[in-house]
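Before any comments, here is the structure.
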Amino acid sequence: MAAVFLHKKRKPRLEQGHPWVYKSEIERVDGEVVPGQLVPVQTHLGQYLATGYYNEASQITVRIVSYKPLEAMTTDFFVERFTRCLQHRSRFVKEAKSYRLVYGEADFLPGLIVDKFEDTLVVQILTLGMDRCREQIVDALVQVVKPAGIYERSDVSIRELEGLEQTKGLLYGECPKHVDILENGLRIRVDIEEGQKTGYFFDQRENRAAIAPLMTGWGHRSGIELREVEHEGAMQTLPVNANGKVVTFPFWDGASVLECFSHTGSFTLNACKFGAKKVTCLDISEHAIESARTNVGLNGFQDRVEFVVADAFEYLRTQVRGLDERKVRANAGSGAQGKKIDTSKPVPEGGRTWDVVILDPPAFAKTKSAVEGACRGYKDINLHGMKLVNEGGYLVTASCSYHMHPELFLETIHAAATDAGKILRLVEFRGAGMDHPRILGVDEGHYLKFAIFEVRSK
């Protein structure tokens, strides 16, 4: 039987629970190995460590699936693993019927992603070893989950690193193009055929709900406060404005919110649910904005949401330029700077501010070599974002770049705050949700950083 032997002087990553064996860690391979085949992995002395599937074409040459000898990944093997996946989700996201069911390495199934959208499953098969087990995977999912249909979304470039073609299509049963799911009590329509990745990002479920405390408590800024007044023949405690008139708008105490990189509008939906007064929902993709518009309509929030199709970087810069110009005009008008302003010129575009600015961009650093450029991108967008937060408001910001480590992410935002003349108070720092567990020591699983900052001027 073929076996993989590791170098004597390698780092003991495998013994510490990391499921990847790099080509550079392998001393030799004894016997003939068919690509995708299971092989035992041993120390240079022949001591057994684990079993994984082999692909010489990949820099990650072996991906571990078992710490006990295993001859084949059979249907029964996948039934046992999927049952454990389902048990974990039933415990930690038990109120949800839609979630990430299988999360690759963290569920001891490297190269396999399965998202559950109500009774439809979307599968992403990323590696040769898993691709060889397609039939067993489908059979096991049918046994354990009993879905109405299974759809494949393996149309990702990472497969090409494994010598595989991109592919997508129906694997089992019947799958509608759009599936309506519930998340945090909100109705969301997911496009499983054309949506990003598998159609929807479950990893921010808990983070979206975490913005709830930011969405109310802003009425006083408009001079509105609760008072006991006579109204319709009775004494009632009602919101009253500075002129003493009763305010009838139900979201008078809500925040003004800007969500950039909105995708399906998930943060916008949660902002509205938790009481936001007005939300600007922005994405560069018209398809994404149409998806967000649909979801906003499904939840009856259309009166409180405006949609913008624009590049987030340029949009934020435009607002900051407008804000700076307005400040210059205001100072000139008060004689503070002694400058004359040509008032015949129109006030420049932009200059808007919000109580809460939410930045949830795509990964800027997909490789280690891209980190420096990613830092510039994260710094730029957070610098401009925090400049547009009203004094004492909140910046909600995230990064899904694994190579942007948490410490570097916070350092980059701190540098942006310094340049912007802001002081940030970190209120909350979070990772991915409970359906995205993380194996300790596998830093690649710690990709998502989510932070809430209070923004103050110096």
Side-chain angles (χ1 to χ4, degrees), residues 156-158 196-197 201 203-204 207 257-263 267 280-285 288 308-325 327 348-354 356-389 393-432 443-458:
V156 287
S157 60
I158 194 172
Q196 292 183 32
K197 299 293 182 70
F201 299 106
D203 54 0
Q204 296 256 42
N207 298 340
V257 180
L258 168 64
E259 182 193 6
C260 294
F261 310 99
S262 66
H263 189 215
F267 276 102
T280 303
C281 180
L282 180 147
D283 200 284
I284 195 171
S285 163
V308 178
V309 177
D311 175 84
F313 286 89
E314 187 53 41
Y315 183 84
L316 293 176
R317 290 190 195 106
T318 297
Q319 302 309 318
V320 170
R321 282 196 298 267
L323 188 64
D324 289 343
E325 180 64 22
K327 288 178 180 177
E349 182 184 359
R352 295 181 63 183
T353 59
W354 291 266
V356 180
V357 171
I358 301 172
L359 305 174
D360 185 22
F364 291 161
K366 295 186 178 181
T367 62
K368 193 173 182 179
S369 61
V371 170
E372 186 176 344
C375 287
R376 289 194 296 270
Y378 284 116
K379 181 179 179 181
D380 183 84
I381 199 149
N382 282 282
L383 185 149
H384 288 90
M386 68 181 69
K387 282 185 174 182
L388 300 176
V389 175
Y394 295 89
L395 174 70
V396 179
T397 185
S399 166
C400 59
S401 299
Y402 151 65
H403 295 286
M404 189 79 172
H405 294 164
E407 297 78 10
L408 181 59
F409 179 60
L410 292 175
E411 287 172 10
T412 302
I413 295 173
H414 189 196
T418 301
D419 288 357
K422 302 292 184 181
I423 296 175
L424 301 183
R425 282 207 300 176
L426 180 60
V427 177
E428 191 159 9
F429 192 79
R430 308 168 63 97
D443 291 338
E444 290 83 357
H446 193 27
Y447 70 99
L448 181 62
K449 285 77 58 182
F450 173 88
I452 298 175
F453 296 99
E454 183 191 57
V455 181
R456 295 281 182 181
S457 298
K458 288 183 178 178

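In this text the structure is predicted, and so the values were computed from the model without any measurement. Residue numbers run from 1 in the order of the sequence given.
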Just do the side-chain contact (heavy atoms from CB on, under 4.5 Å) check on Phe261 and Ile284 with the steps written out, would you? CA-CA 7 Å; Phe261 310 99; Ile284 195 171; over 6 Å; no
Around atom CD1 of Ile158, are there more than 12 heavy atoms of other residues, nucleotides or ligands at under 6.0 Å?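 Open: at most 12 neighbouring heavy atoms sit under 6.0 Å from CD1 of Ile158.
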Would you say NE2 of His414 has more than 12 non-hydrogen atoms from neighbouring residues, nucleotides or ligands within 6.0 angstrom?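 12 or below, so no.
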The criterion is ring pair (Phe, Tyr, Trp, His ring centres under 6.0 Å); which residues satisfy it with [X], sequence neighbours excluded?
{"X": "Phe201", "answer": "His263"}
{"X": "His446", "answer": "none"}
{"X": "Phe313", "answer": "Phe364"}

Taking atom [atom1] of [X] and atom [atom2] of [Y], what is their separation to the nearest 0.5 Å?
{"X": "Leu258", "Y": "Leu359", "atom1": "CG", "atom2": "CG", "value": "7.5 Å"}
{"X": "Phe450", "Y": "Ser399", "atom1": "CZ", "atom2": "OG", "value": "12.5 Å"}
{"X": "Asp203", "Y": "Leu448", "atom1": "CG", "atom2": "CG", "value": "5.0 Å"}
{"X": "Thr418", "Y": "Ile413", "atom1": "OG1", "atom2": "CD1", "value": "12.0 Å"}
{"X": "Thr353", "Y": "Leu323", "atom1": "OG1", "atom2": "CG", "value": "6.5 Å"}
{"X": "Leu395", "Y": "Lys387", "atom1": "CG", "atom2": "NZ", "value": "13.5 Å"}

When you compare the side chain of [Y] with that of [X], does any pair of heavy atoms fall below 4.5 Å?
{"X": "Val389", "Y": "Phe453", "answer": "no"}
{"X": "Leu424", "Y": "Val455", "answer": "yes"}
{"X": "Val308", "Y": "Thr280", "answer": "yes"}

If I compare all heavy atoms of [X] with all of [Y], which pair ends up nearest, and what's the gap?
{"X": "Leu426", "Y": "Ala451", "result": "CD1-CB, 4.0 Å"}
{"X": "Ile358", "Y": "Val356", "result": "CG1-CG1, 4.0 Å"}
{"X": "Ala312", "Y": "Ile381", "result": "CB-CD1, 4.3 Å"}
{"X": "Ala398", "Y": "Asp360", "result": "CB-OD1, 3.7 Å"}
{"X": "Leu316", "Y": "Cys260", "result": "CD2-SG, 4.1 Å"}
{"X": "Pro362", "Y": "Tyr378", "result": "O-OH, 3.9 Å"}

Side chain to side chain donor-acceptor pair (under 3.5 Å) pairs, two or more places apart, involving residues 449-458: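 Sorted pair list: Glu391-Ser457, Lys422-Ser457, Arg425-Glu454, Glu454-Arg456.
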Whether the side chain of [X] engages the backbone of [Y] through a donor-acceptor N/O pair (distance < 3.5 Å, no angle test) should be reported.
{"X": "Gln319", "Y": "Arg352", "value": "yes"}
{"X": "Asp283", "Y": "Ser262", "value": "yes"}
{"X": "His384", "Y": "Asp380", "value": "yes"}

With sequence neighbours excluded, residues passing side-chain contact (heavy atoms from CB on, under 4.5 Å) with Glu314: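 If we apply the side-chain contact (heavy atoms from CB on, under 4.5 Å) test to Glu314, skipping adjacent residues, the hits are Asp311, Arg317, Thr318, Arg321.
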Could you check Val371 against Leu408 for side-chain contact (heavy atoms from CB on, under 4.5 Å), going step by step and ending with a plain yes or no? CA-CA 10 Å; Val371 170; Leu408 181 59; 3.7 Å; yes
Val257 and Phe267: CA distance, side-chain angles, deciding distance, side-chain contact (heavy atoms from CB on, under 4.5 Å) verdict: CA-CA 10 Å; Val257 180; Phe267 276 102; over 6 Å; no
Mind jotting down which residue pairs meet the salt bridge (charged side-chain N to carboxylate O under 4.0 Å, His left out) criterion with at least one end in residues 403-420? Sequence neighbours excluded, please.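 Checked against salt bridge (charged side-chain N to carboxylate O under 4.0 Å, His left out) - neighbours excluded - the pairs reaching residues 403-420 are Lys379-Asp419.
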